[in-house]
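Here's the structure, in structure tokens; my notes come after.
In this chain, residues are counted from 1 in sequence order.
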Amino acid sequence: AINGVLNRIRPEPDVFDINETIKHTARILGLSRDHIKKLERTFNFIDVGTSGSMDRSKFFMALGEEETVITSEIFKLVDTGNIIKFEDFVQVCVTYCIYSQTDILKFCF
């Protein structure tokens with residue numbers, strides 16, 4: 001589902017600003033600047049009002065997914081609460097993409 005959102009992204013000007021949390025996440029997971037920029041464009045595509053954050057329901061609606069016990073636990077693991085900022089978005093997306101359901105269950109339960 002996230003690939004569908006990523007593929008609909010239209011290019012935007014490069015106004016890339018990366019904070020320390022994202023730098024740390026990128027370093028640990030081996031993400032390139034291009035990976036982070038693509039995630040930033042996706043976040044901005046979902047955050048239509050450009051508020052710099054979104055709630056979880058907007059996140060799931062954009063992905064065409066429903067919130068499940070596992071996804072709720074990922075959000076708890078990342079400690080986002082109901083409001084998702086860009087650095088939370090990066091951590092949630094990467095966690096969801098790189099770990100198996102079994103791994104996530106081990107971490108969360």
Side-chain angles (χ1 to χ4, degrees):
I2 194 155
N3 284 333
V5 172
L6 290 173
N7 290 331
R8 293 192 318 244
I9 304 302
R10 48 193 159 344
E12 295 180 4
D14 187 7
V15 290
F16 189 68
D17 181 28
I18 187 168
N19 70 27
E20 289 304 314
T21 302
I22 296 169
K23 283 182 187 176
H24 179 72
T25 301
R27 228 181 349 264
I28 287 174
L29 299 172
L31 299 175
S32 70
R33 184 177 180 90
D34 288 339
H35 291 128
I36 300 298
K37 287 170 78 172
K38 196 168 192 177
L39 284 166
E40 182 181 41
R41 287 192 305 269
T42 303
F43 181 85
N44 291 337
F45 179 78
I46 297 169
D47 181 29
V48 178
T50 63
S51 66
S53 63
M54 68 184 79
D55 64 24
R56 284 165 48 171
S57 64
K58 190 173 185 181
F59 174 83
F60 286 108
M61 187 183 321
L63 297 178
E65 299 287 335
E66 291 188 26
E67 190 165 0
T68 65
V69 172
I70 291 173
T71 56
S72 293
E73 292 302 316
I74 291 172
F75 278 99
K76 286 181 189 174
L77 185 66
V78 175
D79 194 26
T80 65
N82 190 45
I83 301 300
I84 305 167
K85 294 179 285 186
F86 179 61
E87 57 266 19
D88 304 324
F89 179 79
V90 170
Q91 290 181 316
V92 167
C93 289
V94 170
T95 301
Y96 189 74
C97 292
I98 66 169
Y99 292 110
S100 70
Q101 186 175 19
T102 303
D103 292 334
I104 293 168
L105 290 171
K106 286 179 189 175
F107 285 124
C108 298
F109 296 103

Less than 4.5 Å apart, any side-chain heavy atom of [X] and any of [Y]?
X: Ile36; Y: Phe86; result: yes
X: Ile84; Y: Val92; result: no
X: Leu39; Y: Phe43; result: no

Taking atom [atom1] of [X] and atom [atom2] of [Y], what is their separation to the nearest 0.5 Å?
X: Leu31; Y: Lys38; atom1: CG; atom2: NZ; result: 12.5 Å
X: Arg33; Y: Lys23; atom1: CZ; atom2: NZ; result: 9.0 Å
X: Gln91; Y: His24; atom1: CD; atom2: NE2; result: 8.5 Å
X: Lys85; Y: Ser51; atom1: NZ; atom2: OG; result: 12.0 Å

Test side-chain hydrogen bond (donor to acceptor under 3.5 Å, both in side chains) applied to Thr68 - qualifying residues, sequence neighbours left out: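 Result, side-chain hydrogen bond (donor to acceptor under 3.5 Å, both in side chains) vs Thr68: Thr71.
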Contacts of His35 that satisfy side-chain hydrogen bond (donor to acceptor under 3.5 Å, both in side chains) - sequence neighbours left out: Ser32
Side chain to side chain contact (heavy atoms under 4.5 Å, CB included) partners for Lys58, two or more places apart: Ile46, Asp47, Met54, Asp55
Carboxylate-amine/guanidinium contact Glu40 Lys37, below 4.0 Å: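 No, no charged N to carboxylate O under 4.0 Å.
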